[in-house]
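A short write-up of the structure that comes next.
Along the sequence shown, residues are numbered consecutively beginning with 1. We use all heavy atoms of the structure for the numbers below, so side chains are in, but hydrogens, waters and symmetry mates are not.
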Amino acid sequence: MRFLLIVFLFSTIVGHTQNSISLDACYEGLKANYPLAKQGAILAQQNTTELSAITSKTLPQFNLDAQATYQSEVTEVPFPNLDINSLNNDQYRATLTANQLLYNGGRIKASQELQNSSTQRKHQEVEVNLYQLKQRVNQLFFSILLIDDQLLLLNARKEQLNSTLNEVKSGVKNGVLLPTSDKVIEAELLKISQQNQEAANNKSKVIASLSTLIGIPLSVETQFQKPLLSVVGANDLNRPELSLFNLQKQEIEQQQNLLSKAIAPAVNAFATGGLGNPGLNFLENDFSAYYIVGLKLNWNVFDWNGNKKQRQALNFSKELINNQEEVFRLNTNTALNEQQKEMETLESTIAIDQQLISLQQEVVRTFDAQLKNGVITSSQYIIELTKLDEAENLFNQHKTQLELAKANYNTLKGDLN
């Protein structure tokens with residue numbers, strides 16, 4: 001029963017594991033599944049709530065006030081012959097006031113526009129943070145491809161040595177080769193098995209890191225597709241940071257717009273209904289209901305240029321953002337030039353690698369024939385075979401590094417989906 005349960009769990013895990021994945025799919029997984037991406041939905045809900053709170057200011061506002069007081073003195077009429085009762089020392093009042101905004105110079109609309117600008121800027125900050133993780137995806141993805149190439153070479157070398165070992169054993173048995181010739185090759189096969197295990201362990205670690213980063217289940221059985229990348233050097237930068245700079249400046253402009261509206265007069269209509277003792281008629285020493293209706297104007301006609309100075313200060317904030325954008329463009333273009341030089345160097349290196357492999361293959365073929373005829377020892381053969389292995393490893397490494405350089409170039413430039 002336990003065995004069946006284990007088989008079921010294993011098949012379930014494998015069933016949900018990605019069979020094949022591309023670099024673009026990793027980018028999409030990062031954008032969709034990384035925890036930071038969840039902030040987009042939260043920001044949208046927050047913006048809706050904030051806009052609703054701003055809009056509510058256009059609705060009637062109600063205030064309820066109540067008080068009970070005791071006064072040590074009250075107003076008295078200084079005419080003894082008049083039949084007017086003096087007021088009570090204890091007095092009571094309860095009022096309900098309704099205020100309706102009629103005009104405030106467009107402050108409500110300006111506040112809504114500022115709120116939308118702030119939310120757009122926050123959304124773009126999330127996009128920037130996600131985009132900056134793409135270079136980490138590049139590093140992990142191409143590390144896996146490099147390990148795959150290494151494993152393929154190790155397996156090919158293992159097959160070659162096993163084939164050679166059979167012929168060497170035959171030569172030792174027939175007295176053509178030295179008795180220890182086969183032991184040297186067997187030792188080399190053990191080294192290859194050790195290297196194979198180390199590479200497989202490293203691959204598992206890198207796959208686990210990539211899977212965690214992009215939120216997609218991956219395993220050692222997953223096929224990682226080699227991308228065929230190209231670079232375009234003429235286009236301008238298309239980085240999300242540039243959009244963020246623009247949104248930051250737009251948000252500052254909305255702040256300035258709101259400040260300009262703040263100096264406009266505000267007109268409110270109000271109505272107050274109350275119950276008091278005394279009421280509006282202070283000579284009536286009893287509880288009575290009353291109401292007051294009217295208009296109210298608020299206008300700060302002189303603020304010592306405080307509002308104007310605030311708007312001027314925001315202009316300096318815009319200049320700082322312009323400077324940050326200039327620095328970003330300079331640093332990014334410098335990094336692109338360095339990446340371009342690296343690609344050119346790797347292309348030249350790969351051409352030399354191919355020539356070295358071709359020459360070393362001829363040497364190995366010659367030594368292979370000499371080994372089988374007893375002309376050289378197996379140690380000499382292994383030395384030349386190792387040189388070929390190193391040359392092929394460097395060739396694969398440089399090819400993968402070139403593709404990684406292209407991916408990093410496109411990431412730096414912003415030429416990604």
Side-chain angles (χ1 to χ4, degrees), residues 10 14 139-211 218-224 226 346 349-404:
F10 177 78
V14 173
Q139 196 67 44
L140 293 171
F141 191 89
F142 284 98
S143 293
I144 294 169
L145 293 180
L146 188 60
I147 295 173
D148 282 341
D149 289 337
Q150 183 182 359
L151 289 170
L152 287 174
L153 282 176
L154 287 172
N155 289 330
R157 193 68 64 241
K158 183 178 179 180
E159 291 179 6
Q160 184 177 359
L161 284 174
N162 278 325
S163 176
T164 303
L165 179 61
N166 292 330
E167 296 184 10
V168 169
K169 283 184 176 180
S170 177
V172 171
K173 184 178 180 180
N174 295 326
V176 178
L177 301 176
L178 295 174
T180 58
S181 296
D182 56 339
K183 303 300 180 184
V184 174
I185 296 178
E186 288 175 352
E188 190 64 23
L189 283 169
L190 283 175
K191 290 180 182 178
I192 289 176
S193 296
Q194 186 181 45
Q195 293 171 356
N196 207 319
Q197 185 62 45
E198 290 176 354
N201 290 339
N202 289 335
K203 182 179 178 180
S204 296
K205 293 177 185 177
V206 179
I207 288 175
S209 297
L210 180 60
S211 178
L218 303 172
S219 71
V220 291
E221 285 80 20
T222 301
Q223 296 295 318
F224 293 85
K226 288 188 176 182
L346 286 168
T349 302
I350 288 170
I352 297 174
D353 285 338
Q354 291 174 316
Q355 296 177 30
L356 288 173
I357 290 172
S358 180
L359 292 172
Q360 193 61 34
Q361 285 174 339
E362 293 182 15
V363 173
V364 169
R365 281 194 292 268
T366 301
F367 273 61
D368 182 64
Q370 291 177 345
L371 173 64
K372 293 171 182 176
N373 292 323
V375 177
I376 61 171
T377 65
S378 55
S379 296
Q380 292 173 303
Y381 171 75
I382 293 298
I383 290 173
E384 297 304 321
L385 190 63
T386 301
K387 289 180 181 178
L388 176 60
D389 183 60
E390 291 174 350
E392 291 178 337
N393 270 322
L394 283 173
F395 173 65
N396 285 332
Q397 182 179 341
H398 292 149
K399 283 198 304 180
T400 303
Q401 286 176 345
L402 177 59
E403 293 305 310
L404 173 59

Under the ring-ring contact (aromatic ring centres under 6.0 Å, His included) test, residues paired with F141 that sit two or more places apart: F224
Validation row: N393, Q397 side chains within 4.5 angstrom (heavy atoms): no
Note, T222 side chain near I144 side chain (heavy atom, < 4.5 Å): no
Any side-chain heavy-atom pair of Y381 and V168 under 4.5 Å: no
By side-chain hydrogen bond (donor to acceptor under 3.5 Å, both in side chains) - contacts of D368 (at least two apart): K372
Pairs where residues 144-153 contributes a residue and the test salt bridge (charged side-chain N to carboxylate O under 4.0 Å, His left out) is met, not counting sequence neighbours: D148-K203, D149-K226
From CG (L145) to NZ (K399), nearest 0.5 Å: 11.0 Å
Residue pairs passing the salt bridge (charged side-chain N to carboxylate O under 4.0 Å, His left out) test where at least one lies in residues 350-362, sequence neighbours excluded: none
For S219 against I207, the heavy-atom pair lying closest together: O-CD1, 3.5 Å
Student check: side-chain heavy atoms of Q150 and L146 closer than 4.5 Å: no
Atom pair NZ/CG of K158 and L151 - distance to nearest 0.5 Å: 11.5 Å
Contacts of E392 that satisfy side-chain hydrogen bond (donor to acceptor under 3.5 Å, both in side chains) - sequence neighbours left out: R157
Result block: side-chain N/O donor-acceptor pairs under 3.5 angstrom for residues 182-197, not counting sequence neighbours:
from	atom 1	to	atom 2	distance (Å)
S193	OG	L189	O	3.2
N196	ND2	N155	OD1	3.0
Q197	NE2	N201	OD1	3.1

